Amino acid sequence: MAATVHGAIRELLEQTMVTIDALLEASDRELAMPSSHSCAQGKDAWTLITNDIDHEKIHTGQVLEARYESRITASPMERLIAEWLAERARFIGSLVGLTDEQFNSETAPGQWTYRVVAKHVLTLEQDSLKTVAADRAGRASSG
């Protein structure tokens, strides 16, 4: 694990992509297959993966409790980043399981396609970041 918080976050995000790719390649049928990993408790892949999810929830609680007890409060920007990241995960999760055909179909008759919605979210974010950078540059040059 990286020695810095920034490095650790990057490492966790990179592993997230590896895990998503591996899970998207797997089938529902594989979840019922036996797993040799000790965390599967002698059961199947479903048990292994849900154990990993629960394990992460436990340690999230551990980190949050330790921060609370130590009075390590997130700054407004840190809180904003954490909330954005959680919402991004929910948005990506809402797309998981759509076929490519469904992804390119309308969310409802006469409405945007799922792909257009995703592109809209991405474009708005990119535009917002450009504005933040331009505003920052403008303040730096005038100050």
Side-chain angles (χ1 to χ4, degrees), residues 1-107 111-143:
M1 178 58 58
T4 66
V5 173
H6 186 92
I9 290 169
R10 179 168 297 282
E11 192 174 331
L12 287 163
L13 285 170
E14 289 169 357
Q15 181 58 46
T16 299
M17 288 306 305
V18 171
T19 301
I20 287 173
D21 288 342
L23 292 175
L24 287 173
E25 290 176 14
S27 68
D28 287 344
R29 183 177 33 73
E30 291 178 70
L31 292 173
M33 294 182 180
S35 173
S36 60
H37 195 285
S38 62
C39 291
Q41 305 161 5
K43 297 179 185 174
D44 51 25
W46 168 265
T47 303
L48 174 62
I49 301 302
T50 57
N51 181 70
D52 288 350
I53 294 166
D54 293 345
H55 183 252
E56 191 150 333
K57 286 179 184 179
I58 290 165
H59 288 300
T60 298
Q62 178 185 13
V63 169
L64 290 172
E65 182 176 358
R67 287 185 68 154
Y68 175 81
E69 294 297 330
S70 299
R71 293 187 161 86
I72 304 172
T73 304
S75 73
M77 181 58 77
E78 294 161 349
R79 179 74 184 252
L80 183 74
I81 292 166
E83 288 185 24
W84 170 82
L85 184 59
E87 198 56 43
R88 174 54 53 91
R90 275 190 288 278
F91 183 72
I92 292 168
S94 75
L95 299 174
V96 170
L98 292 174
T99 65
D100 291 343
E101 182 180 348
Q102 291 166 330
F103 183 64
N104 287 290
S105 67
E106 295 176 337
T107 58
Q111 298 297 311
W112 287 355
T113 65
Y114 295 93
R115 182 175 55 81
V116 169
V117 171
K119 179 65 175 172
H120 172 72
V121 167
L122 191 61
T123 301
L124 182 64
E125 176 182 317
Q126 291 167 338
D127 187 56
S128 295
L129 290 176
K130 286 178 189 173
T131 301
V132 168
D135 291 347
R136 183 184 302 132
R139 286 190 297 274
S141 67
S142 68

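Along the sequence shown, residues are numbered consecutively beginning with 1. Just so you know, these numbers come straight off a predicted model, no measurement behind them.
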Spacing of [atom1] belonging to [X] relative to [atom2] belonging to [Y], to within rounding of 0.5 Å:
| X | Y | atom1 | atom2 | answer |
| --- | --- | --- | --- | --- |
| K43 | T50 | NZ | OG1 | 8.5 Å |
| M1 | Q15 | CE | CD | 9.0 Å |
| E56 | I58 | CD | CD1 | 11.0 Å |
| I81 | S75 | CD1 | OG | 7.0 Å |
| L31 | R29 | CG | CZ | 10.5 Å |
| I72 | L64 | CD1 | CG | 11.0 Å |

Which atom pairs, donor and acceptor, lie under 3.5 Å between side-chain atoms of residues 6-13 and protein residues at least two apart or in another chain?
from	atom 1	to	atom 2	distance (Å)
E11	OE1	A2	N	3.0

Is there a side-chain contact (heavy atoms from CB on, under 4.5 Å) between Q111 and V117 once you walk through the steps?
-> CA-CA 10 Å; Q111 298 297 311; V117 171; over 6 Å; no

Got a sec, which residues hit salt bridge (Lys or Arg N to Asp or Glu O under 4.0 Å) with E30, two or more places apart in sequence or on another chain?
-> none

For E106, the salt bridge (Lys or Arg N to Asp or Glu O under 4.0 Å) test, sequence neighbours excluded, returns none

Excluding sequence neighbours, so at least two apart, what forms side chain to side chain donor-acceptor pair (under 3.5 Å) with [X]?
| X | result |
| --- | --- |
| R67 | none |
| H59 | H55, Q62 |
| E87 | R90 |
| D44 | T47 |

When every non-hydrogen atom of Q102 is compared with those of Y114, the smallest separation belongs to O-CD1, 3.0 Å

Just checking [X]: does its [atom1] atom have more than 12 heavy atoms from other residues, nucleotides or ligands closer to it than 6.0 angstrom?
| X | atom1 | result |
| --- | --- | --- |
| R79 | CZ | no |
| Q126 | CD | yes |
| M77 | CE | no |

Going by the side chain to side chain donor-acceptor pair (under 3.5 Å) test, which pairs reach into residues 127-143, not counting sequence neighbours?
-> none

Residue pair R88 / V121, side-chain heavy-atom distance below 4.5 Å | yes

Can you tell me which residue pairs pass the ring pair (Phe, Tyr, Trp, His ring centres under 6.0 Å) test with a partner in residues 25-53, sequence neighbours excluded?
-> none

Checking [X] now: which residues fulfil side chain to side chain contact (heavy atoms under 4.5 Å, CB included) with it, not counting sequence neighbours?
| X | value |
| --- | --- |
| L95 | F91, L98, F103, A118 |
| A40 | S35, L48 |
| L23 | T19, I49 |

For side-chain contact (heavy atoms from CB on, under 4.5 Å), just list the numbers for L24 and V96, CA-CA rounded to whole Å, side-chain angles, deciding distance to a tenth of an Å, and then say yes or no.
-> CA-CA 8 Å; L24 287 173; V96 170; 4.1 Å; yes

